[in-house]
Amino acid sequence: MALRRCRIHKLSPTLTGKKCVSSTQSAVRTYYSIHHPDPAPFPPIQAQILSTALKNVPRLGFSRDALLSGCRENGYLEASAQLFPRGVYDLIHYYLVTQRLALKEKVQFQQDAKLGLTQKVKTLTWARLQANVDDGIIEHWQDALGHMSLLENIPASLKELGNLSDEIWYLSGDTQVDFGWYTKRAQLAAVYAATETFMSTDRSKDYADTKEFLDRRLGDVRVVGGTVGGAMSYMGWIAGNGLGLARSWGMKKDAEQQPNNLVGISLFGNQDEVEAMSRLKKKLSSMRNNRS
Amino acid sequence: MSLRIASRRLRLPSQCSRSFARRGFPQSLKPLQEASEKNNAKTTHFGFETVPEAEKEARVGKVFSSVASSYDTMNDLMSLGIHRLWKDHFVRSLNPGSRAASQDQAWSILDIAGGTGDIAFRMLDHATNVNGDNLTKVTISDINPDMLEEGKKRSLQTPYANSGRIDFKVGNAEKLGFVADNSIDLYTVAFGIRNFTDKDAALREAFRVLKPGGVFACLEFSHVDSSLFNAFYKRWSFGAIPLIGQVVAGDRDSYQYLVESIERFPTQKEFKAMIQKAGFVTPGVGYENLTGGIAAIHKGIKPV
C-alpha cells in the first residue's frame, strides 16, 4: 500500500492544540514531512504524568483526582497540577491526540487486499471507536464530551476532530486534491462525532448497535453525495439543452468573457459538466448583450 | 515626559534638600554619595534612575515604609479596584490546599514580599473554604518590617491570627536563610519582584527552597500587548498615579518610583526566559496576561 506518498495537503502538525515543542525548545517546525519523524506532541514531564493519569481514568474518571494521581505516582506534588493550565481538559486532549497518533500502528492494510476507499475509512473509524472501549474510557466518555463542549475548550476540540478526520482519510490513501478534500473531511468529522456520542450511551453486546449506526451514517453520506451529484448532472443536461436552444435562436460564438466562480459545481460535477456550464454562462450573457 | 523626570533627578542635592526633607526620602544624600563612590562597581535601576546596588534596597525600603499604611487605598486608586480581581484570580488558579485530609498532604506556602498579607489571607481562605484543608500553612516574608506590622494587624481580623497557620518573618528574598532546601510546596510573590535588586538571585533562591514538583508563581505588572491601549495606560500611569499619590498620600516620589519600576520590568517573554534559566519548567505559554497585559501571572514548576 503506497502510504508513503507526499502529503502536500495535510493539515499542518502545529494546528494541534499545543505547539509541538517542549518548554525548553524554541524551534517549531512549520512544515510536515513523512521523511522526518514528527516532534513529540507533548513536553516529556507532562506526557509522563498524563499517561499515568490516563491509566487511572477507568477507575477515577476524567477528574482532578485522576490528574493528581498521575502527579503523585510520578513523584510530583499536588501543586504540580499547575503544569496543566486547562486542568482536566489537558488530560482529555492528551487522550485524543495519543489515540489519533496510534491509529497508524493499529491498522495496517495489506498491500494486496482490494479494499475500496470507503471500506478502509470504515475500518479506521471503527478502530478508533474501539480504542475507547479497549482503554476502558467509554464509561466516562460523556464527562469528557461535557468538558470538550465548554466554551473555552470548543476550538481545541473541533481542531482535534478535524485532525482525526484528516488522519483517517490520509491513512486510507485518499489523494484527491480538489475541493472534495474539505467536504470529505467535514462529512467524516460529523459522522464520527455522531457515532461517538451514540456509543457513549450504547449498551448492546460488543457495541453492535454502534457499528450499525456507523454503517447507516456512512451510507447516508454516500446517498446524499450521490443525489447531489445526480442533481448537478441533471442540471448540466438541462444547461446543455438550453445551449442547443440558444444556438437555434441564432446565437453566435462571441469573445470569451471572464469565467465565473464554478467551485460549487466542481464539487459534484465532472469536467464536462463544468465546461458546459461555463460555456452556457458565456453564451447567455453575450445573448443578453446582443438583445440590449 | 521622561526628560522632565530625568532632569528632576539630576538636580544637585544642595538645591533640593529642602524639598526632599518633606518627602519620604533620606534627609541628606551626602552619606549615600560617599557610599556610592565606594561601591560604584555594580549599579542597578531604581525606577528610571541608576543607583548602586547597595543603595537600592534602602531606597525601596523607604518607599514601602512610607506607603505601608495606605497601601490598599493606593492600590485601589491606582488600579481602580482591579487589583482585587487580579489577586482573587491568582489564588483561585493556584487552587492551594488539598482535599485529602492528612497532614503530609497539607501545603506549606511561602509568600514573598507579601507584607500586608493580601495573598496569604486569600490562600488560607481558599484552602479552608474551597478545599476543606485546615492544615495548610503560609509563611509571609517581607524585607520591610513596617509592611509586616501592617500584615500582623490585619491578621487579627481573620480567623488565622493565632491558629499557627500564619507566620511572619523578616527576610531578603535573595537570601532566605530561615527556609530549608526542598521544603515549600508553593512560592508566591505578588507585586514584589520588580523591587528586587537581583531577580535572578531571587529565582535561584526560589528554586532552592521549593520541593521537587513545587510551584513558583509570580503576579506582577507587565507590558501591555496592544499599542493603542498601551498609549492610554502609560498616560494614566505617568500622569495620574503620581498625582494621586501626591494628593492622597502626600508622597509623589514614591509613586513616581512605582510607575517607573513597572516600566523597567522585563517583558513577559524575557521574564519567562529568566524563570526557565533558574531551572523551572514553564507550563503552556508560560504566562497569563491579565487586563490586556497590565499584569501577568508567571508560573514555573521545579522538575523532579
Side-chain angles (χ1 to χ4, degrees), chain A residues 14 16-28 40-53 56 60-61 63-94 97 150 152-153 155-156 159, chain B residues 89-102 104-110 123 127 130-131 133 135-136 182-188 210-218 269 272-273 275-289 297-304:
Chain A
T14 55
T16 54
K18 280 201 168 84
K19 290 240 178 239
C20 306
V21 70
S22 79
S23 62
T24 48
Q25 271 176 268
S26 56
V28 172
F42 295 96
I45 297 180
Q46 278 91 321
Q48 183 189 5
I49 294 180
L50 289 172
S51 65
T52 317
N56 291 327
L60 299 169
S63 63
R64 193 173 147 76
D65 287 338
L67 211 54
L68 294 178
S69 75
C71 289
R72 253 196 315 273
E73 286 170 27
N74 283 300
Y76 284 85
L77 306 171
E78 273 194 21
S80 310
Q82 291 298 314
L83 278 165
F84 309 109
R86 295 182 296 190
V88 174
Y89 183 72
D90 275 331
L91 180 57
I92 298 169
H93 181 257
Y94 176 81
V97 171
L150 289 175
E152 63 264 20
N153 296 330
K159 223 172 257 182
Chain B
H89 175 74
F90 181 58
V91 170
R92 220 174 279 136
S93 74
L94 285 171
N95 198 11
S98 165
R99 296 252 168 119
S102 57
D104 54 342
Q105 294 289 357
W107 293 27
S108 79
I109 304 175
L110 178 62
M123 296 266 188
V130 175
N131 285 329
D133 181 345
L135 301 167
T136 291
N182 300 327
S183 60
I184 301 288
D185 286 86
L186 173 63
Y187 176 114
T188 59
L210 279 170
K211 292 179 191 164
V215 174
F216 166 86
C218 165
K269 291 202 170 65
K272 174 179 146 188
I275 293 174
Q276 286 172 341
K277 203 171 82 160
F280 292 104
V281 164
T282 54
V285 183
Y287 57 87
E288 182 190 348
N289 278 346
I297 299 178
H298 288 260
K299 288 185 187 160
I301 286 96
K302 178 169 172 175
V304 150

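The figures that follow rest on heavy atoms only: side chains count, while hydrogens, waters and symmetry mates do not. The model shown is predicted, which means the values in this text are computed figures rather than measured ones. Residue numbering restarts at 1 for every chain, and letters A, B, ... go by the order of the sequence lines.
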Search all heavy atoms of Ala79(A) against all heavy atoms of Asp185(B) and return the closest pair with its distance. CB-O, 3.9 Å

How far apart are the closest heavy atoms of Ser80(A) and Gly213(B), and which atoms are they?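 Where Ser80(A) meets Gly213(B) most closely, the heavy atoms are OG-O, 2.6 Å.
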
Taking the side chain as everything from C-beta on, heavy atoms only, tell me whether Val281(B) gets closer than 4.5 Å to Leu83(A). yes

Heavy-atom distance under 4.5 Å to chain A: side chain of Glu288(B), backbone, both or neither?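 No part of Glu288(B) comes within 4.5 Å of chain A.
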
Under 4.5 Å from a heavy atom of chain A, the part of Ile301(B) involved: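 Side chain only.
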
Taking every heavy-atom pair that is under 4.5 Å apart, which of Leu94(B), Asn95(B), Val285(B) has the most such pairs with chain A? Leu94(B)

Output yes when a side-chain donor or acceptor of Gln82(A) lies under 3.5 Å from a complementary backbone atom of Phe216(B), and no otherwise. no

Distance, nearest 0.5 Å, that separates CG of Leu210(B) from CG of Leu77(A): 9.0 Å

Enter the distance from Arg99(B):CZ to Glu78(A):CD here, rounded to the nearest 0.5 Å.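 Here the rounded value is 10.0 Å.
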
